Structures are given as C-alpha cells and as structure tokens.
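What you are looking at is a predicted structure, and each value in this text was computed from that prediction instead of being measured.
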There are 2 protein chains.
Amino acid sequence: MNLTPAEENYLKGIYSLGVSRNGDISTNELAALLQTKPASVTDMLKKLAKKGMITYVKYQGVSVTTAGKKKALEITRRRKLWEVFLVEKLRLQWDELTELSDALEHVSSPLLLQRLDEYLGYPKFDPFGDPIPNEHGEMSENPRVAILDLSVEQSGKIIGVNDNSSSFLKYLDKAGIYIGAKILVLDKVDFDGSMELLIDNKRRQFISKEVAANILSMVY
Amino acid sequence: MNLTPAEENYLKGIYSLGVSRNGDISTNELAALLQTKPASVTDMLKKLAKKGMITYVKYQGVSVTTAGKKKALEITRRRKLWEVFLVEKLRLQWDELTELSDALEHVSSPLLLQRLDEYLGYPKFDPFGDPIPNEHGEMSENPRVAILDLSVEQSGKIIGVNDNSSSFLKYLDKAGIYIGAKILVLDKVDFDGSMELLIDNKRRQFISKEVAANILSMVY
DNA sequence: GTTTATTTTTAGGTATGACTAAAATATATT
DNA sequence: AATATATTTTAGTCATACCTAAAAATAAAC
C-alpha cells in the first residue's frame, strides 16, 4: 500500500511516539509533534486506518499495525541514509539536516536505496548515533555512553546526542564537537562535574556537566 | 518569489520549450509535454503570471520573463546536479533517472546545492551531455558530435544522446554503451552507414546508422 | 467574408490536506 | 453521581492541482 508524503509523516510520528511507550498515542500528542491541529490528525488517522497502517478506534487512541511498523521503519531507513549522505559526503552540519531530510526521506526507489546504502558503506548508525534499520527492519544495538560517564584517560568516538535542539547543535559546532570526532578525557573537575576533552588529538575543550550528559560516544 | 513543485514543473516546461523557438508557447504544447490537460495548463499559467515568472496574454501564448528564466535555470541546475550524483556516484542508469530526478529537483537549499556541486567536482554537463547552468545561470558550450560523424580510427567519450526515450536508453544499456564510455571507431560500413565500435578498449559492438546519429560524443 | 474546425478559456467538480467552530465523548472534580 | 473540564470528532471552509464539459476566441477552409 502506497502512502502520500503527508501520510508517511503521520505514520512516522505515530511510530516514533509508540516505541517508547506501552499504551496508545493521543490525538493531541500527535498534533503537537507534527505541528498541526487535532482535527487534521483525526482526518489523517482515518486514512491511515483505511490503508491498514494503524489500529484506530474513535476516542481511544491509535497504534501501528505490523504493516505500519514495517512501513515506518522503511521511511526511517530512507531518512537516515540520506542524513548519513548529507553529513559524511556533503559535510553538512547537524543543525542543517532537518529541513533537507524532511524532504529527502520521501524520495526513494528500491534501487536508489540499495545503491545509496552500498555507496555509504552500509552504515549502521545515523549522524545522531541512532540505529538505521536494515532492509528487513532490523537495527543494531547501539552501545553508546554519555561522555559524562567516561573516566579520565578514556577515549571514544562521538556518535550522537541526546538533545538535538538547534541551539545545542550550534554550540557543539562552535566547540569543535562533531559526529565522528575522537575524544580523550583529559580531566574531570570534581566540584562542578565539568570535563576537559582533547578533540581529534588537537583541540582542548572544557564542557559543562550538562553538556557532557548530552553527548554520546562509543568507547574504544 | 517561491514556487510550489507543480509550478516549478510548469515553468521548467515553458522555458525548455522556449529556448529552441522564437515565438510563444501554446497551451496544447505544454499540456502534451507535461502530460496534463489544457484546462489545467491555463489554471497554472495564471498563477505563474501573477508570480511574475511568465508573460501571459489570454489566447496569445506564453513566454518566460527574466525572473522566470533565472528560476528555470536554477531548477534545471538542481535537477542536473542530482542527475550527475545518481549516475556518477550511485551508478544508476539513464533510464532509471527520470522518476528520481523529478523528485530530487525540488529538494534543495543554497548550501546543499553548493556542497553537492563541490562534491561532484563542479560538473559542466549532465549525464545526457547537456550543459549544467552555474550559479549565475551561465552554461558551457558543448562541443558534442554525433558519433555518426566520427571517422574510422577516431576516438571519443560518450557524453549524451539525442533521443532519450526509454526504449532507446534500454537498448544502449544492453549494447554496453553508457555515459562516460570511451569509444574508438573501428569501421564504417559504406552501404548501410552502420559502424563498428570498440567500447572501453574491450567490447566490440555494431550499431546502425540511426543509432549512431543519436549518440553524442566529445572528440579527443 | 462566412462558415467550420481547432485551440483556449471558463465554469463547475473532485481529492488531498490543512483549518475553525461546534458537537460529542471521555476524564476530573466535587 | 452530577457537573465541570479537557479531549476528540464532526461539519463545514479553504487552497492547490487536477479533471470534464461547455463556451469563447482564434485560425483555417471554402
């Protein structure tokens, strides 16, 4: 069953709200997430239910079906592969991705997706450190750790962030912290929890406890 | 002035019909080109005229304004850069491009475009051998020659086609003829005008006069 | 220079995806 | 349990972009 770009956006939203949750998703939640009005959400839920992507009972909330989950993972895969392309190949920065990947995630064909995946070297994680579903919707475990939890002398590779607000991402760019950067913990300051990092064996950078808690890394 | 994807498609169509022509473009022509109905064309012409992209007088045909030409060249630039990406980086074939570039040509930001251009090595021609406008809308001269006009022993590089119908492109793929291929004219048969080529110093291939007239090359 | 044929436009309708305002249902409060 | 509040749905609009069928304008034929 084929979905329009708008339908894809709703499905993706429903799925993403559903993963971190047991119960059903409410109309208001979805409206807030998708920056639209509850009435528009209701309209769309009917369409998605008719296409078999979600289970929807009036006034009772909504959840994705097996088919819907599969589709949502496919859309997510498309988006994340394009994001890897934008960052790794075109060297765009984290805060420049959203608008473009919103558009690109709806562009695909099976062949394009396969070739893009191959071209990018079958990446397992997106630029934010989140796992990319493979063709079968399976995802790798992500052994990421907040760098706050690293010890002095430990080194790692930045693979993501917890907070992807524009202001935080801009701060990171300014501080020389980017996806793929190698870091070494030079020091941890006891009284305020701040840390001193060595980035790419070159740049020394102090970061606060709060920042350290929001940057994720793979430990070597 | 910003255009919707549909408006961009119409503008591109009007512009492309206009370049090889002195007079104005007719509604029927545009409808045929865009696979739509004349009534839909009329609707859209009003919108484009209101946005200052075209000069439109009822019943009198249509032509692009200076602003419209600039916009059309920008859209063309986006499309062609994406096409180069699809062919050079993802190794898609000519007949697989149209659908994807129809979608991709509407995806862009100034930064994306600049990075894509840089990443592709500032290409001057698209996979069909047509020139790519630069940021200022300027295009290189294309010194292409039908391989029918090459002499025996002359060699060149395939840079485009005159006929980009799906059936022709599929024939070329089957014959091992693709963009970027090196060719050497081994023989020209007098009585039917057919040619024998050596492709990439490896494959020998006979092609008819008609085919040779529709393949364009750069002469070394 | 009429008449005929073609082209183009208008008028009115459809589907998508959004909206507001009002009604229906569900949840909280007392 | 009855009322008040919050949520969700319906009903009715609007804009985009398409369509068909009919009317208007232009071009061609005689």
Check: Charged N to carboxylate O under 4.0 angstrom, B:Lys157 versus B:Asp200?
Finding: no

Note to self: What is the separation between atom CD on A:Gln35 and atom C1' on C:dG17, rounded to the nearest whole Å?
What the structure shows: 16 Å

Notebook entry, point to check: Hey, does the side chain of A:Thr65 reach the backbone of A:Met53 with a donor-acceptor pair shorter than 3.5 angstrom?
Noted result: yes

Notebook entry, point to check: Using a distance-only test with no angle check, is there a side-chain donor-acceptor pair under 3.5 angstrom linking B:Ser194 and B:Asp192?
Noted result: yes

Next item on the list: Anything under 4.0 Å to a heavy atom of chain A counts; send over the first and last such nucleotide of DNA chain D, read 5' to 3'.
Entry: D:dT7 to D:dT10

Check: Can you check the A:Asn2 CG to C:dT16 P distance for me, whole Å?
Finding: 14 Å

Note to self: Please determine whether a side-chain nitrogen of the Lys or Arg among B:Glu7 and B:Lys51 lies less than 4.0 Å from a carboxylate oxygen of the Asp or Glu.
What the structure shows: yes

Next item on the list: Quick one: pull up OH in A:Tyr56 and CG in A:Asp24 and give me the separation to the nearest 0.5 Å.
Entry: 11.5 Å

Note to self: Test ring pair (Phe, Tyr, Trp, His ring centres under 6.0 Å) on A:Phe85 and B:Phe85; report intermediate values, then the result.
What the structure shows: CA-CA 12 Å; A:Phe85 169 69; B:Phe85 168 69; 4.6 Å; yes

Margin query: Under a 4.0 Å threshold between the charged nitrogen and the carboxylate oxygen, would B:Arg77 count as salt-bridged to B:Glu138?
Written below: no

Check: Just by protein heavy atoms under 4.0 Å, how would nucleotides 1-15 of chain C read 5' to 3' in B, S and -?
Finding: ------SBBB-----

Item checked: Gap between atom CZ of B:Arg78 and atom CD of B:Glu105 - 0.5 Å precision -> 7.0 Å

